[in-house]
Amino acid sequence: MKSPLRKRVGREIKGETGKYIVIFLFMTALIAIASGFFVADASLKKSYDESFEKYNIEDGNFEFALKPDEQLIGSIENEGGLKLFENYYSMQESVGDSRIRLFTDRKDVNKVCVLEGRLPDNNKEISLDRLYMKSNKLKKGDTLKVADEELEIVGIVALPDYSALYENNTDFMFDTEKFGVGIVTQNLFDEFSNTNIHYSYSWKYNEPPKDRKGSEAIGRANELSSMISQKAQLLDFIPGCTNNAINFSGNDIGHDSIMMMVMLYMLIVIIAFVFAVTTSNTIVKEANVIGTLRASGYTKWELIIHYMSAPLIVLLIASIIGNILGYTLFKEFMAKAYLDSYSLVSYETVWSPDAFIDTTIVPLIILALINFIMLARILSLSPLNFLRRDLKRHQRKKAFKLNTKIGIMKRYRLRVVFQNIPGYVTIFAGIFFSSVIFLFGMLFNPLLDQLEEDTLNNMIAPHQYILKADAPTENVNAEKFAVSTLETTGRSFVEDITVYGFIPDSRYFRGEFDDEKIMVSDAYADKYSLKKGDSLTLKDKYTDTEYEFTIGGVYTYPSTLAVFTSLEDFNTRFGNPAESFSGYLCSEEINDIDKKMIATHVTKDDLTKTSRQLKRSMGSLMTVFLALGVGVVILVVFMLSKVIIEKNVQSISMAKILGYKNGEISSIYIHTTTIVTLVSIVACLPLAHLALDKIWRTMMMEYSGWISPNVPVSAYFASIALASASYIVTVFFLKRRINRIPLDEALKNVE
């Protein structure tokens, strides 16, 4: 014969169908999102990790200013203990003022992954990167104009050394719209090389370091750069361990899973507390039954298991269905979020035991633990206490006094608040968490819009030309400047700092230098908490030579970590001849410099690539965040408000007998919850802002560059509006619940 307690589990779920359906749907959606994310993350991460061997990804690359001879190549290979591979490329302009980095088919190192179609067979064909095509609305079979050539797109490819489309390793963000990579035939490449060619070489160690990104790899790269720079002029040197185009996507995939896991567990904890409060209310309603069962011989542990069963069963079913949805529908959606950002090679879905543990086992443990603590505490009372419905450990001899000058309805509402403090505290916690989610989802696009506007308003010059060698120009608006790149010191995470040198009374740079002191960008100052008078140490990435600077001021230059000094001080510090410079600043394009002499041409498109790319790659995830925030508000407020109403069923029924109308009763219970909810929504905003600021800064410290977490005022109002709208949805169902309470409830459980 079944235990009566086992029979009651099904009836309990059936009796609270609405509550369990709401929680079931929310948990299923949450676990489906998390499971899909973890599965996509694991599948893409596995494919990414395997690509290093499968496609023979380089250990690093460098670029010569001039084409080297075989003797130089042989000398570097012998002394460096490595093998060099030609990886020449040509930069050409294409659709929408974008730039394409053209290669020939790489058969030995950085092999090409063909996702669709094929590689080109003749001089009228090209194969392009998938993301570049998507960002520019191109498809296979289209004709694309590259420089002066009309080329047919015959294939969609992914280059493993460009999984993130960084044009320059020092860029804060990759750019899938204005920069792409492609494959052409050798003959066509030779034609393009007549106007623009870069003598780039990739290397593979004969005996690779044990850790591809460890201290050994960094040390060997530093030795190699020092050795090569003594033999020839280097324009660029990028070890594989610091190559953003290779590493950024892999690092991001790993970091995001941690963020999703934390969010999942925080939501599970909130749901567990909701279950705890609702279960506590059930125990209050069934106090006489529990007292009878305890007096009949049922143990406290049997009752704990019984009352934990329904929540655990609902969560288990939600976990199973959520994982099924995660592995099917949501996996593709979450993978798309990555594939919209990174040019990853082809992948296969893999079973992830960690995903199952994170979305099923751990949530069940969290829910069981929180409910167990609550149940163990309340069920430790004696059977007599339950029979008497005396479930408070600390009884007040008298009710908390309220000033009689306060109106009766206001006093009634205050009593409701005081009697349901645990529920309202949980509502506050749920709204706080949802406010953080709302603000994160709301601030993203306005923050990036503001960043783009500030960047354009404060750019040094509309055009920055960095030269391979000195080249004169007759443009009267052109102004010489110098630029170099150093690295931070004193942290495990090393990032590049751009150092600029400007002529006196520059028409483009409006800062003032004082006694050989430098200025830093406001982004640099904000990220590292720098101020006037501070000292900082930077080092050369190739030689490890350290440079000491004293900060004389902060210059407005958003998103870029930069140091500004005079051209004279720049050349003195770096040991350059007095007349040395790196390029030109200009308000217009310079047309009288041979393109072969231009290493980089920086325009407003380059400066705003961060905001453009983040909008494109993160937009879909922001929708997920907002949906989760709405779900949290509706679930927490609805469930706990329902508990408050159910705890006061007899009082509501008695009020109806006394002649109070449904609207008047709603004004007591629902309006009280409304006031608490609205106050919580407003009060949580500054706390949510502080939490978001801390989370954002901690997150951004792990990435190169900086975006200051300046939450726009519009995000606050939007957050309040969305949270309030979410609450209004719950009011409709709460009023229905009050209207359905019968008058005879007042006659039940009369002591």
Side-chain angles (χ1 to χ4, degrees), residues 51 54-58 61-64 66-70 73 83-163 165-167 176 178-204 236 245-246 343-346 594-596 598-599:
S51 68
K54 182 177 181 180
Y55 297 98
N56 198 28
I57 296 179
E58 65 186 34
N61 69 79
F62 55 84
E63 181 182 342
F64 290 117
L66 301 173
K67 185 174 182 179
D69 55 32
E70 294 183 2
I73 297 299
K83 176 67 175 175
L84 292 180
F85 301 87
E86 282 190 10
N87 198 20
Y88 295 176
Y89 65 86
S90 177
M91 293 294 298
Q92 300 295 334
E93 294 185 356
S94 187
V95 57
D97 295 326
S98 63
R99 296 176 295 276
I100 302 180
R101 186 166 290 175
L102 298 175
F103 298 89
T104 58
D105 185 16
R106 286 96 62 87
K107 301 183 182 299
D108 298 316
V109 70
N110 301 328
K111 299 176 183 177
V112 180
C113 173
V114 180
L115 301 172
E116 185 180 339
R118 58 179 175 81
L119 295 179
D121 291 332
N122 58 63
N123 292 1
K124 294 298 181 182
E125 296 178 342
I126 187 173
S127 296
L128 283 176
D129 174 84
R130 175 185 60 82
L131 261 187
Y132 174 80
M133 290 178 60
K134 181 175 181 180
S135 298
N136 288 282
K137 297 179 175 56
L138 299 171
K139 60 182 183 298
K140 188 165 70 74
D142 286 352
T143 298
L144 176 69
K145 186 175 183 179
V146 180
D148 296 325
E149 297 287 339
E150 297 284 345
L151 305 177
E152 180 187 357
I153 302 173
V154 296
I156 303 173
V157 299
L159 274 57
D161 53 329
Y162 285 92
S163 57
L165 290 176
Y166 277 91
E167 183 174 359
T176 62
K178 298 297 182 179
F179 173 71
V181 291
I183 303 295
V184 295
T185 61
Q186 184 65 56
N187 289 337
L188 181 57
F189 181 84
D190 292 339
E191 292 181 19
F192 282 130
S193 298
N194 291 329
T195 57
N196 189 309
I197 186 170
H198 292 253
Y199 300 110
S200 177
Y201 282 81
S202 298
W203 82 76
K204 292 285 292 184
D236 205 359
I246 295 175
S343 296
L344 300 171
V345 296
S346 56
D594 190 339
K595 291 184 178 180
K596 293 182 180 179
I598 299 174

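One-based numbering along the sequence shown. The shown structure was predicted, so the numbers you read here are calculated from the model rather than taken from an experiment.
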Give the C-alpha distance, both sets of side-chain angles, the deciding distance and a yes or no for side chain to side chain donor-acceptor pair (under 3.5 Å) between Q186 and D190. CA-CA 6 Å; Q186 184 65 56; D190 292 339; 3.0 Å; yes
Sequence neighbours excluded, which residues qualify as side chain to side chain contact (heavy atoms under 4.5 Å, CB included) partners of [X]?
X	value
K139	D142
S202	E58, N61, N87, V109, N110
E86	Y88, Y201
S94	S98, I100, Y132, L144, V146

Which residues pass the side chain to side chain donor-acceptor pair (under 3.5 Å) test with [X], sequence neighbours left out?
X	value
T185	N123
S343	D129
D121	R118

Output all residues satisfying salt bridge (Lys or Arg N to Asp or Glu O under 4.0 Å) with [X], sequence neighbours left out; order by chain, then residue number.
X	answer
E149	K124
K107	D105
K134	D340
R101	none

Applying side chain to side chain contact (heavy atoms under 4.5 Å, CB included), run through K145 and V95 and close with a yes or a no. CA-CA 7 Å; K145 186 175 183 179; V95 57; over 6 Å; no
Calculate, to the nearest 0.5 Å, the distance between atoms [atom1] and [atom2] belonging to [X] and [Y] respectively.
X	Y	atom1	atom2	answer
N136	T176	CG	OG1	8.0 Å
I183	L188	CD1	CG	11.5 Å
L102	Q92	CG	CD	6.0 Å
I73	F85	CD1	CZ	12.0 Å
E116	I156	CD	CD1	4.0 Å

Taking every non-hydrogen atom, the tightest pair across [X] and [Y]:
X	Y	result
E125	V184	O-CG1, 4.3 Å
V345	S51	CG2-CB, 4.1 Å
Y55	V112	CE2-O, 4.2 Å
K111	K54	CD-O, 4.3 Å
F189	I197	CE2-CD1, 4.5 Å
L66	Y199	C-CD1, 3.8 Å

More than 12 non-hydrogen atoms from neighbouring residues, nucleotides or ligands closer than 6.0 Å to [atom1] on [X], yes or no?
X	atom1	answer
E70	CD	no
E152	CD	yes
D69	CG	yes

Pairing of K204 and D108 as salt bridge, 4.0 angstrom limit: no
Note, [X] side chain near [Y] side chain (heavy atom, < 4.5 Å):
X	Y	value
L128	V157	no
I126	P120	no
M91	E167	yes

Would you say the side-chain atoms of S90 pair up with the backbone N or O of N196, donor to acceptor, closer than 3.5 Å?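 A pair under 3.5 Å: yes.
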K178 side chain to G96 backbone, donor-acceptor under 3.5 Å: yes
Please walk me through it: do R106 and L159 pass side chain to side chain contact (heavy atoms under 4.5 Å, CB included)? CA-CA 10 Å; R106 286 96 62 87; L159 274 57; 3.4 Å; yes
Among residues at least two apart in sequence or on other chains, which ones pass ring pair (Phe, Tyr, Trp, His ring centres under 6.0 Å) with F103?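 With sequence neighbours excluded, F103 shows a ring pair (Phe, Tyr, Trp, His ring centres under 6.0 Å) to Y89, Y162, given in chain and number order.
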